[in-house]
Amino acid sequence: MESTKYKNYIFDLYATLIDIHTDQNPIGFWRRIAPIMEAYGAVYEPTELKRRYRELIRTNEDRLSDELETDYPEVELGDVFEELLLSAPKLHSHGIWGDPHLWSAETLEKWRSSFAYAFRVISRIKFSLYPDTLQMLEGLKREGKRIYLLSNAQSLFTRPEMQELDLTPYFEDILISSEFRMRKPEIRFMEELISKQGLDIRESVMIGNDMESDVMMAARCGVNAILVNHDGYSKPAIKEGFEQAREAAPTLRREEIEFLACDNLLSIIDV
């Protein structure tokens, strides 16, 4: 398969273009987050903050799942952070900006962004581009290809991280699951991009690291797929995954749809 024959390249982000590892589980993480929350007027014990955070995510996911009729809801963490702030077991009015209940909408939005940034940075253990990411993207741009992002991610985290790594200018459009309220492998997420940009699925390819969320979802939409094997799938697992993806493809695309696996981006994209 000559990947450069495609006109439209739809990328996953994390573990495909960005090498990242985060960990919000250790109580040490929450011991660092609780004082930040308290500085703005919301007082939590670290264990209670961790418990309440997870509870709010589950509650919001259940609600979204029912509202949107999907098995793959994506919560907007800004809403969770805001609820944590305003429903804290103990509040005080001498925080950095005074009583949070009296903040303007502009101040609350500013807080959501700044708190999200701190939350994300503290959770990060590894964060960098893969060595071939920029070279590959620059090569596609030189060839006149159109590049899109379809990512399971939080906008409050992802848009600043993309700017930090100088990725944003490479993309014609960026779709993030928290803004759509559904995540891959929900096919409506990919269908939104296809419809919005008027993409011809035969001229498009999804590139990602996950067999289910990237390859299988693309197949169900009739879109070709490239598995970037950063996660170490075995050859038998890849073969079986591609066979299942072909069976999941629309009947009219089943014979011609293409799947490919590679170990790095440059090995499949001629730049």
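Evaluation of the ring-ring contact (aromatic ring centres under 6.0 Å, His included) rule for Y233 yields no partner, not counting sequence neighbours. Qualifying salt bridge (Lys or Arg N to Asp or Glu O under 4.0 Å) partners for D99, counting only residues two or more places apart in sequence or in other chains: none. With sequence neighbours left out, E67 forms a side chain to side chain contact (heavy atoms under 4.5 Å, CB included) with R63, L64. When the side chain to side chain contact (heavy atoms under 4.5 Å, CB included) test is applied to I96, the partners found at least two apart in sequence or on another chain are A39, Y40. Residues passing the side chain to side chain donor-acceptor pair (under 3.5 Å) test with E83: none are found, sequence neighbours excluded. Not counting sequence neighbours, E61 has no partner by the salt bridge (Lys or Arg N to Asp or Glu O under 4.0 Å) test. When the side chain to side chain contact (heavy atoms under 4.5 Å, CB included) test is applied to S234, the partners found at least two apart in sequence or on another chain are P236, A237. Taking E161 as the reference, R120, R124 meet the salt bridge (Lys or Arg N to Asp or Glu O under 4.0 Å) condition, with sequence neighbours excluded. Checked against side chain to side chain contact (heavy atoms under 4.5 Å, CB included), K126 has the following partners two or more places apart in sequence or in another chain: D19, H21.
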Legend entry - Evaluation steps, side chain to side chain contact (heavy atoms under 4.5 Å, CB included), between F259 and I238: CA-CA 10 Å; F259 304 107; I238 292 172; over 6 Å; no
Inset, instruction - Any chance you could lay out the side chain to side chain contact (heavy atoms under 4.5 Å, CB included) test for F29 and D23, step after step, and finish with the verdict? - result: CA-CA 8 Å; F29 169 78; D23 192 353; over 6 Å; no
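Side chain of H101 to main chain of L86: a donor-acceptor pair is present (N/O by atom type, distance under 3.5 Å, no hydrogens or angles). For the pair N152 (side chain) and K184 (backbone), a donor-acceptor distance under 3.5 Å is present. Looking at W97, its side chain never comes within 3.5 Å of a backbone N or O of T107 through a donor-acceptor pair. In terms of modelled atom types and a separation under 3.5 Å, the side chain of K7 and the main chain of L199 share no donor-acceptor contact. Counting only distance, with no hydrogens or angles, the side chain of R254 and the backbone of A249 share a donor-acceptor pair below 3.5 Å. K50 places a side-chain N or O within donor-acceptor distance of the main-chain N or O of N25, the cut-off being under 3.5 Å. At distances below 3.5 Å, at least one donor-acceptor pair connects side-chain atoms of K141 with backbone N or O atoms of Y170. Side-chain N or O atoms of E76 include one that pairs as donor or acceptor with a backbone N or O of G78 at under 3.5 Å.
Rounding to the nearest 0.5 angstrom, the gap separating the CZ atom in R32 from the CZ atom in F119 is 12.0 Å. Taking CD1 of I194 as the reference point, atom CE of M190 lies at 5.5 Å (rounded to 0.5 Å). Separating the CG atom in L266 from the CG atom in D132 is a distance of 4.5 Å, to the nearest 0.5 Å.
Annotation for E69: atom CD does not count as buried by contact number, only 12 or fewer foreign heavy atoms lying within 6.0 Å. Open room surrounds CD on E106; 12 or fewer heavy atoms of other groups in view lie less than 6.0 Å from it. Counted within 6.0 Å of CG on L252, heavy atoms from surrounding residues, nucleotides or ligands total 12 or fewer; the atom is thus considered open.
Under the 4.0 Å criterion applied to side-chain N and carboxylate O atoms, R181 and E74 are not assigned as salt-bridge partners. Ion pairing between R183 and D71 fails under the 4.0 Å rule for side-chain N and carboxylate O. A salt bridge between R58 and E55 is absent, with no side-chain N of the basic residue lying under 4.0 Å from a carboxylate O of the acidic one.
Of all heavy-atom pairs spanning V215 and A245, the tightest one is CG1-CB, 4.0 Å. When all heavy atoms are compared, the tightest approach of G41 to P100 is CA-CG, 4.4 Å. Contact detail for T133 and L17: the closest heavy-atom pair is OG1-O, 2.8 Å. Of all heavy-atom pairs between D173 and Q197, the closest is OD2-NE2, 2.9 Å. Between S65 and P73, the shortest heavy-atom distance links the atoms N-CB, 4.0 Å. The minimum heavy-atom distance between A153 and I176, with the atom names listed, is O-CG2, 3.2 Å.
Proximity of P46 to I33: side-chain heavy atoms (C-beta onward) are nowhere separated by under 4.5 Å. The shortest side-chain heavy-atom distance between I27 and T47 falls under the 4.5 Å cut-off. Side-chain contact between L167 and L137 is present, with at least one heavy-atom pair separated by less than 4.5 Å. At least one side-chain heavy atom of M162 sits less than 4.5 Å from a side-chain heavy atom of L13. Looking only at side-chain heavy atoms (C-beta outward), H230 and Y130 come within less than 4.5 Å of each other. The shortest side-chain heavy-atom distance between L77 and F157 falls under the 4.5 Å cut-off. Side-chain atoms of I36 and I122, non-hydrogen and from C-beta on, do get closer than 4.5 Å to each other. Side-chain contact between V228 and D214 is absent, with no heavy-atom pair separated by less than 4.5 Å.
No hydrogens or angles considered: a donor-acceptor pair under 3.5 Å links the side chains of E186 and T70. A donor atom on one side chain and an acceptor atom on the other are not found under 3.5 Å apart for S155 and T158.
By the criterion of side-chain heavy atoms lying less than 4.5 angstrom apart, applied directly or through intervening Ile, Leu, Val, Met, Phe, Trp or Tyr residues, M136 is grouped together with Y14 in one hydrophobic cluster. In the hydrophobic cluster analysis, where Ile, Leu, Val, Met, Phe, Trp and Tyr join through side-chain heavy atoms closer than 4.5 angstrom, L260 is grouped apart from L150. With hydrophobic clusters built from ILVMFWY side chains whose heavy atoms lie under 4.5 angstrom apart, L56 does not share a cluster with L91. No path of Ile, Leu, Val, Met, Phe, Trp and Tyr side chains, each step under 4.5 Å between heavy atoms, connects M216 with Y72, placing them in separate hydrophobic clusters. Hydrophobic clustering (side-chain heavy atoms under 4.5 Å, transitive across Ile, Leu, Val, Met, Phe, Trp, Tyr) keeps L156 apart from L165.
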Side chains of residues 202-211: which donor-acceptor partners sit under 3.5 Å, not counting sequence neighbours?
from: R202; atom 1: NE; to: D200; atom 2: OD1; distance (Å): 3.2
from: R202; atom 1: NH2; to: D200; atom 2: OD2; distance (Å): 3.2
from: S204; atom 1: OG; to: N8; atom 2: ND2; distance (Å): 3.1
from: S204; atom 1: OG; to: D200; atom 2: O; distance (Å): 2.8
from: N209; atom 1: OD1; to: T16; atom 2: OG1; distance (Å): 3.3
from: N209; atom 1: ND2; to: D231; atom 2: OD2; distance (Å): 2.7
from: D210; atom 1: OD2; to: E212; atom 2: N; distance (Å): 3.0
from: D210; atom 1: OD2; to: S213; atom 2: N; distance (Å): 2.7
from: D210; atom 1: OD2; to: S213; atom 2: OG; distance (Å): 3.4

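Relative orientation of the F81 and F115 rings is perpendicular, given thresholds of 30° and 60° on the angle between their planes. Note on ring orientation: taking the six-membered ring where Trp is involved, the planes of Y9 and F11 are parallel (angle under 30°, cut-offs 30° and 60°). Ring geometry, W30 versus Y53: the interplanar angle falls from 30° to 60°, so the pair is classed tilted.
The hydrophobic cluster containing V121 also includes Y117, under a criterion of side-chain heavy atoms closer than 4.5 Å among ILVMFWY residues, counted directly or through chains of members. Cluster partners of V43, using a side-chain heavy-atom cutoff of under 4.5 Å among ILVMFWY residues and allowing indirect links: none.
Tested against E258 for a side-chain hydrogen bond (donor to acceptor under 3.5 Å, both in side chains), the candidates K5, R246, R253 yield a single pass: K5.
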